[in-house]
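Report on the following structure.
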Amino acid sequence: MKSIPYRWVIAITLFAAYSIQYLDRVKTNVLNPVIAHDVGLSVSDLGTGAFLMLLFYGPSQYLSGILTDKFGAKRILIFSVIAWSVMTAWMAHIQSRDEYFFRMALFGALVGTEYVPSARILMRWFNKEGRARAQALLSWAWILTPAWASVFATQFAHAAGDWRIVFYVTAAFGVVPLVMIALLVFDRPEHYKKATPADLEYAYRDEIERGDIREGSYGDAQKQILEKHDIKFLDLFKNRSYVAVIFVDIVMQITLYGALTWIPLYLSDVFHFKLQEMGLWSALYFGAGAVGSFSSSYLSDKVFSGNRRIMILTCFIGLAPFVFLLATLNEAHPGMLAFCLCGMGFFGNMAWGPFLAVPAEIFTPEVYGKAMGFVNGAAYTVAAFSAKIFAALVVVNEAGKDYSLGWVFIGACVLMGIIAASFIQTGPGKTQAVARTA
């Protein structure tokens with residue numbers, strides 16, 4: 001820990017903790033074919049389950065953002081981990097369709113508290129020279145976790161001969177992030193007793209350069225910053241870049257949950273892959289996604305000097321052809337399928353780090369919980385309805401199931417993402433804050 005700045009210890013800890021929490025969504029989605037068979041769920045029921053989870057997950061994001069800004073991120077994270085463990089264990093007891101629906105809705109409401117507090121902590125510990133990379137590392141929790149967890153879940157379920165044991169075991173994993181957060185995570189650099197002057201100067205460099213606080217005066221830094229840059233809720237929407245970020249996040253969530261929910265079912269129903277094969281093929285998408293996410297964030301921070309729009313546009317422009325290509329695949333040609341999944345994963349995850357840093361840079365990290373909470377809340381709510389739309393577009397006939405129209409729908413959303421991303425303006429000379437109105 002002494003060999004690297006403590007902010008990276010914080011980032012690595014949050015990534016590891018979030019990765020464990022993300023296990024539930026990954027293993028649930030990849031095990032959906034066997035869960036559906038055992039519980040008696042149709043494709044439409046699985047779509048409804050995803051819809052309910054996201055529908056309640058969205059408002060929970062906004063509420064957690066408000067609570068994070070008011071009570072501190074660490075407290076909200078501890079609650080989130082405990083709720084996750086309980087919800088994961090409950091999944092092992094599901095016996096009926098109605099119980100499945102209720103559990104998915106409650107899971108979304110309680111576990112929607114994990115992202116915003118984690119991101120809020122990173123926004124305060126990192127300045128604009130490193131925020132995209134820190135967010136990209138956090139994004140690996142929902143990118144890399146599916147790459148290994150899908151293999152873990154399918155192989156474990158296959159070896160045990162029972163999918164339910166997977167949920168019991170992973171629920172016990174909750175003690176790991178709980179201990180990590182309690183011991184290693186601090187809301188602000190000045191809360192960490194061993195923070196060095198270099199740690200504090202780095203974290204507050206943007207505010208020092210703007211004249212919001214004086215170097216070395218960090219005891220009441222939050223109060224000083226909010227006196228000049230507190231943001232009322234409606235003031236958020238006066239900034240065009242913020243509104244654009246909302247639409248970018250909507251497309252990103254539709255794409256992510258399209259991959260999480262439908263790729264395993266697509267591989268099973270169209271290509272007739274076995275359970276253990278699906279995990280390996282799904283891992284291609286997420287493994288490539290980890291590379292795309294961090295490389296684009298490095299370029300955004302270091303090469304393009306904080307100009308976030310360039311890499312966000314690259315994400316959507318590069319992703320579109322691969323989504324439409326997937327819609328045309330009707331047989332499991334190994335080379336073409338691998339190329340398509342890797343291309344979708346690489347480009348589809350490039351925007352995470354850059355766009356998640358934008359609200360902290362057009363406003364201030366002190367209101368990031370409120371700002372990002374609404375962004376994610378809106379994105380997940382719309383993504384909830386997209387799950388129902390995709391399910392409705394799956395054509396069931398004598399030959400089997402055709403997912404082509406569902407992938408075309410996601411491709412159309414990606415094209416809308418290109419338009420939204422073009423309105424984002426950050427980078428040298430572009431960062432702006434909306435001052436509190438008198």
Side-chain angles (χ1 to χ4, degrees), residues 1 4-18 20-21 60-84 111-128 130-131 133-135 137-139 141 176-208 212-213 216-231 356-357 359-361 363-376:
M1 291 186 181
I4 61 174
Y6 197 77
R7 59 182 174 272
W8 284 108
V9 175
I10 294 278
I12 293 169
T13 299
L14 291 174
F15 155 69
Y18 199 172
I20 294 173
Q21 285 184 273
S60 180
Q61 294 275 317
Y62 179 59
L63 179 60
S64 69
I66 295 175
L67 295 175
T68 293
D69 284 343
K70 186 174 180 63
F71 298 109
K74 185 171 182 174
R75 293 176 180 175
I76 307 302
L77 282 176
I78 289 173
F79 166 82
S80 181
V81 171
I82 295 172
W84 174 83
V111 185
T113 52
E114 84 278 69
Y115 168 71
V116 174
S118 299
R120 170 67 170 79
I121 291 170
L122 294 179
M123 290 298 96
R124 184 64 280 161
W125 276 84
F126 286 80
N127 63 39
K128 63 184 178 183
R131 284 193 182 119
R133 282 172 292 156
Q135 287 290 354
L137 179 59
L138 184 62
S139 77
V176 178
L178 187 63
V179 172
M180 293 173 68
I181 292 168
L183 297 180
L184 299 175
V185 173
F186 300 88
D187 284 3
R188 310 176 64 83
E190 61 268 29
H191 292 173
Y192 177 49
K193 294 181 179 180
K194 296 182 180 180
T196 66
D199 290 330
L200 294 162
E201 187 278 332
Y202 176 90
Y204 288 104
R205 185 178 302 165
D206 299 337
E207 288 78 9
I208 293 170
D212 295 338
I213 61 175
S217 178
Y218 309 116
D220 61 345
Q222 185 174 25
K223 181 180 178 181
Q224 292 184 62
I225 296 168
L226 286 176
E227 284 178 352
K228 296 182 179 181
H229 301 292
D230 195 8
I231 306 295
L356 290 173
E361 295 172 0
F363 302 121
T364 170
E366 309 311 321
V367 298
Y368 187 84
K370 174 168 53 180
M372 198 66 220
F374 181 82
V375 169
N376 261 12

Please tell me if the side chains of [X] and [Y] come closer than 4.5 Å, counting only heavy atoms from C-beta onward.
{"X": "Tyr202", "Y": "Thr196", "answer": "no"}
{"X": "Trp84", "Y": "Ile20", "answer": "yes"}
{"X": "Leu77", "Y": "Val81", "answer": "no"}
{"X": "Phe374", "Y": "Gln61", "answer": "no"}

Quick one: [atom1] on [X] to [atom2] on [Y], what's the gap to the nearest 0.5 Å?
{"X": "Arg75", "Y": "Ile181", "atom1": "CZ", "atom2": "CD1", "answer": "14.5 Å"}
{"X": "Ile121", "Y": "Tyr368", "atom1": "CD1", "atom2": "OH", "answer": "12.0 Å"}
{"X": "Thr364", "Y": "His229", "atom1": "OG1", "atom2": "NE2", "answer": "7.0 Å"}
{"X": "Phe79", "Y": "Phe71", "atom1": "CZ", "atom2": "CZ", "answer": "13.0 Å"}
{"X": "Ile231", "Y": "Asp69", "atom1": "CD1", "atom2": "CG", "answer": "11.5 Å"}
{"X": "Leu200", "Y": "Trp125", "atom1": "CG", "atom2": "CH2", "answer": "7.5 Å"}

Closest approach of [X] to [Y] (non-hydrogen atoms, all atoms of both residues):
{"X": "Ala195", "Y": "Pro189", "answer": "CB-O, 3.4 Å"}
{"X": "Ala17", "Y": "Met180", "answer": "N-CE, 4.4 Å"}
{"X": "Met123", "Y": "Ala357", "answer": "SD-CA, 4.3 Å"}
{"X": "Phe363", "Y": "Val367", "answer": "CB-CG2, 4.0 Å"}
{"X": "Ile76", "Y": "Pro117", "answer": "CG2-CG, 3.6 Å"}
{"X": "Ile208", "Y": "Tyr218", "answer": "CD1-OH, 3.7 Å"}

| Given Ser60, Ser64, Ser80, the one that forms side chain to side chain contact (heavy atoms under 4.5 Å, CB included) with Glu114 | Ser80
| message | Among Asp206, Ile213, Asp220, Asp230, which residue satisfies the side chain to side chain contact (heavy atoms under 4.5 Å, CB included) criterion with Ile225? | response | Ile213
| query | Can Ile10 and Phe126 be said to form a side-chain contact (heavy atoms from CB on, under 4.5 Å), step by step? | reply | CA-CA 10 Å; Ile10 294 278; Phe126 286 80; 5.8 Å; no
| Does the pair Tyr18 and Leu137 meet the rule for a side-chain contact (heavy atoms from CB on, under 4.5 Å), with working shown? | CA-CA 11 Å; Tyr18 199 172; Leu137 179 59; over 6 Å; no
| said: Determine whether a donor-acceptor pair (N or O, by modelled atom type, separation under 3.5 Å) exists between the side chain of Arg120 and the backbone of Pro365. | reply: yes
| When you check the gap from the basic side-chain N to the acidic O, do Lys194 and Asp199 get nearer than 4.0 Å? | no
| message | Applying side-chain contact (heavy atoms from CB on, under 4.5 Å) to Tyr115 and Met372, what does each step give before you reach the verdict? | response | CA-CA 10 Å; Tyr115 168 71; Met372 198 66 220; 3.9 Å; yes
| task | May I ask you to check whether over 12 heavy atoms, not counting those of Arg205, lie within 6.0 Å of atom CZ? | result | yes
| task | Tell me, with the steps shown, if Arg124 and Phe186 meet side-chain contact (heavy atoms from CB on, under 4.5 Å). | result | CA-CA 10 Å; Arg124 184 64 280 161; Phe186 300 88; over 6 Å; no
| request: Write out all pairs satisfying salt bridge (Lys or Arg N to Asp or Glu O under 4.0 Å) with one or both partners inside residues 178-190, taking only residues at least two apart or from two chains. | output: Arg188-Glu190, Arg188-Glu366
